[in-house]
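Inspection log for the structure reproduced underneath, given as structure tokens.
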Number of protein chains: 2
Amino acid sequence: MVHFFVCHGRDEIPRWRMAFPESSWVGPTQAMEQVGRGDMAWVMSNLDGWETLVRDLADRGAILVVLSYTPDPAQASLALIAGARGYAHALSPATLLRQVALVTTNQGIWVLPELLTSVVGGTFKALGGRARMQGDVLGALTERERTVAVAVAEGRTNKEVARELDITERTVKAHLGAIFRKLGIRDRMQLVLRLSQQEVDIADPSH
Amino acid sequence: MVHFFVCHGRDEIPRWRMAFPESSWVGPTQAMEQVGRGDMAWVMSNLDGWETLVRDLADRGAILVVLSYTPDPAQASLALIAGARGYAHALSPATLLRQVALVTTNQGIWVLPELLTSVVGGTFKALGGRARMQGDVLGALTERERTVAVAVAEGRTNKEVARELDITERTVKAHLGAIFRKLGIRDRMQLVLRLSQQEVDIADPSH
DNA sequence: AATGTTTCTGTCCATCGGTCCAATATCAAT
DNA sequence: ATTGATATTGGACCGATGGACAGAAACATT
């Protein structure tokens with residue numbers, strides 16, 4: 001595996017060389033030419049169009065890590081979305097860089113521990129809209145109601161759920177009624193959206 | 001470092017033993033007593049209160065990986081939020097388990113590659129982007145059908161969609177009929193599930 | 001014993017949702 | 001000019017859904 005550090009010409013950082021003595025220093029253009037499947041590319045986030053570069057290189061099977069002088073959660077997310085498997089500080093010590101390489105070459109994801117909460121939290125909010133969904137959303141329900149809620153949210157009809165739980169369809173409806181009331185939603189659609197963690201805009205009689 | 005597999009008493013899976021011959025099998029209660037800083041704990045997601053368990057063990061400095069028989073993106077997010085560093089299929093082969101251990105002990109995060117897109121995709125939406133993986137699904141539809149499909153998948157009723165697009169409810173139904181036929185689904189529920197990427201390809205039993 | 005929660009069941013009814021049978025108008029391509 | 005795809009609407013039919021009543025049985029708490 002070949003390591004490529006993609007950066008501006010003058011951005012040579014000794015510890016990079018220290019971490020991977022055999023690595024190549026290239027600009028964005030050369031990176032597009034030389035990086036191939038299985039190679040590892042470390043891309044500086046101060047490059048114009050780094051996201052596109054990351055995406056392209058990731059598409060062709062390279063392992064991407066984005067390095068930043070000013071790491072922040074939003075940029076970390078962008079990097080991961082673009083296909084990067086890692087996001088670290090550009091001035092990380094050599095040992096850390098080697099650790100990142102180890103993790104990413106083994107299908108792992110590596111982001112700065114300090115940013116981890118934010119990144120995952122972002123995902124969390126994206127998936128749930130409000131804080132701590134399933135726990136709280138389903139938490140308000142009884143055991144049986146939870147079971148019904150999940151079954152319905154997986155796309156089953158009342159009749160199917162009834163058969164599955166060995167109760168009458170009427171009872172399923174009763175549970176659903178309670179679920180809708182407790183969650184403040186109007187129908188099973190809203191339930192699916194809640195549980196599949198999408199943002200829902202409920203009840204707007206205005207339009 | 002000691003490996004703990006936290007599961008129901010009878011859930012013994014040979015390949016776990018194969019991956020880490022020295023590991024201990026424990027229930028949730030014993031886990032709380034025995035797992036300490038630097039230890040590695042593999043927690044089954046079919047345990048009641050696994051989230052709390054993961055949170056507690058992670059808080060005391062253990063490395064947590066959640067194993068599930070039915071992996072899905074939402075659960076993966078929950079696991080990571082709870083403090084887990086890994087999320088994998090319970091029937092993963094020994095070599096994969098060792099890889100996961102390697103990654104997570106090096107501050108990395110490991111989630112099923114199939115789920116990665118969904119998890120990161122969620123982040124993407126959190127940042128205000130528009131999901132466009134749906135393009136594949138919606139690609140078979142006409143422009144108008146796409147509009148209707150998205151509106152319905154956002155939880156609106158036929159009547160609401162009709163008002164919104166300034167057409168009759170009858171026309172909405174016509175479009176929906178075409179949508180169901182083209183996508184090979186039976187009702188709007190399946191449409192939501194399709195567009196929110198709910199159904200997850202469970203790993204085949206071979207690995 | 002009284003109370004409250006949970007689970008389960010019933011009937012009635014209005015509405016919604018999905019499919020069958022159509023038909024008409026527009027537009028692009030042949 | 002004919003064909004094909006698209007968008008639109010109509011009517012009728014029937015199953016699915018959700019709410020509004022209501023009641024019974026099991027169980028835990030007080």
Side-chain angles (χ1 to χ4, degrees), chain A residues 134-196 198 200-207, chain B residues 48-49 132 134-196 198-199:
Chain A
Q134 297 236 337
D136 283 340
V137 169
L138 295 181
L141 307 180
T142 67
E143 181 60 33
R144 202 55 163 170
E145 286 164 355
R146 256 191 299 275
T147 310
V148 173
V150 170
V152 167
E154 283 172 352
R156 282 188 265 286
T157 66
N158 289 344
K159 193 167 298 187
E160 287 170 338
V161 176
R163 265 197 299 271
E164 198 168 308
L165 301 184
D166 197 33
I167 54 181
T168 66
E169 186 178 351
R170 181 61 194 87
T171 308
V172 175
K173 288 184 180 181
H175 287 311
L176 268 179
I179 292 167
F180 295 154
R181 184 174 41 77
K182 289 182 179 177
L183 300 186
I185 56 182
R186 66 178 181 200
D187 57 28
R188 60 210 299 114
M189 276 294 141
Q190 307 294 324
L191 181 59
V192 189
L193 294 175
R194 271 292 176 98
L195 294 192
S196 60
Q198 298 252 337
V200 185
D201 41 73
I202 324 176
D204 187 342
S206 64
H207 77 235
Chain B
D48 288 336
R132 40 90 203 61
Q134 305 173 351
D136 302 319
V137 178
L138 299 179
L141 307 180
T142 68
E143 180 62 31
R144 203 54 162 169
E145 287 162 356
R146 256 191 300 273
T147 311
V148 173
V150 170
V152 166
E154 282 173 351
R156 283 187 261 287
T157 65
N158 289 344
K159 194 169 295 187
E160 286 171 338
V161 176
R163 267 198 297 271
E164 199 170 307
L165 301 184
D166 199 31
I167 53 181
T168 65
E169 186 178 351
R170 183 61 194 81
T171 309
V172 176
K173 286 186 177 183
H175 287 311
L176 269 178
I179 292 167
F180 296 155
R181 183 173 41 77
K182 289 182 180 178
L183 300 185
I185 55 183
R186 69 177 181 197
D187 57 27
R188 60 214 292 119
M189 280 293 149
Q190 307 296 323
L191 182 59
V192 196
L193 294 176
R194 190 67 81 86
L195 291 191
S196 57
Q198 268 298 287
E199 59 265 286

Interatomic distance where CG belongs to B/L165 and P belongs to D/dT8 [whole Å]: 8 Å
Between the protein and nucleotides 9-20 of chain C, list every N/O to N/O distance that falls short of 3.5 Å.
{"from": "C/dT9", "atom 1": "OP2", "to": "A/T168", "atom 2": "N", "distance (Å)": "2.8"}
{"from": "C/dT9", "atom 1": "OP2", "to": "A/T168", "atom 2": "OG1", "distance (Å)": "3.3"}
{"from": "C/dT9", "atom 1": "OP2", "to": "A/T171", "atom 2": "OG1", "distance (Å)": "2.5"}
{"from": "C/dT9", "atom 1": "O5'", "to": "A/T171", "atom 2": "OG1", "distance (Å)": "3.4"}
{"from": "C/dG10", "atom 1": "N7", "to": "A/R170", "atom 2": "NE", "distance (Å)": "3.2"}
{"from": "C/dG10", "atom 1": "O6", "to": "A/R170", "atom 2": "NE", "distance (Å)": "3.1"}
{"from": "C/dG10", "atom 1": "O6", "to": "A/R170", "atom 2": "NH2", "distance (Å)": "2.4"}
{"from": "C/dT11", "atom 1": "O4", "to": "A/R170", "atom 2": "NE", "distance (Å)": "2.8"}
{"from": "C/dC16", "atom 1": "OP2", "to": "B/K159", "atom 2": "NZ", "distance (Å)": "2.9"}
{"from": "C/dG17", "atom 1": "OP2", "to": "B/N158", "atom 2": "N", "distance (Å)": "3.4"}
{"from": "C/dG17", "atom 1": "N7", "to": "B/K173", "atom 2": "NZ", "distance (Å)": "3.4"}
{"from": "C/dG18", "atom 1": "OP1", "to": "B/R188", "atom 2": "N", "distance (Å)": "3.0"}
{"from": "C/dG18", "atom 1": "OP2", "to": "B/R188", "atom 2": "NH1", "distance (Å)": "2.8"}
{"from": "C/dG18", "atom 1": "N7", "to": "B/K173", "atom 2": "NZ", "distance (Å)": "3.2"}
{"from": "C/dG18", "atom 1": "O6", "to": "B/K173", "atom 2": "NZ", "distance (Å)": "3.1"}
{"from": "C/dC20", "atom 1": "N4", "to": "B/R170", "atom 2": "NH2", "distance (Å)": "2.9"}

Side chain proximity check, B/V172 to B/L165, heavy atoms < 4.5 angstrom: no
Note, A/T157 side chain near B/M189 side chain (heavy atom, < 4.5 Å): no
Test: A/R146 and A/E143 ion pair at under 4.0 Å: yes
Distance in angstrom units between A/E145 CD and C/dT5 C1', rounded: 11 Å
Distance, rounded to the nearest Å, where B/K182 contributes NZ and D/dA7 contributes P: 8 Å
Heavy-atom closest pair, residues B/R186 and A/R156: NH2-CA, 4.0 Å
End-to-end axis angle, where each axis spans five pairs of the helix from C/dA1-D/dT30 to C/dT30-D/dA1, to 10°: 40°
Over all atoms of both residues, closest heavy-atom pair of A/A149 and A/L141: CB-CD1, 4.2 Å
Rounded interatomic separation in angstrom, taking CD from A/E143 and P from C/dC8: 11 Å
Note, A/L183 side chain near A/Q190 side chain (heavy atom, < 4.5 Å): no
N or O in side chain of B/T142 less than 4.0 angstrom from D/dA5 OP1/OP2: no
Closest heavy-atom pair and its distance - B/T168, B/A162: C-CB, 3.7 Å
Taking every non-hydrogen atom, the tightest pair across B/I167 and B/R144: CG2-NH2, 3.7 Å
Separation of D/dT6 P from B/I179 CD1 (nearest whole Å): 13 Å
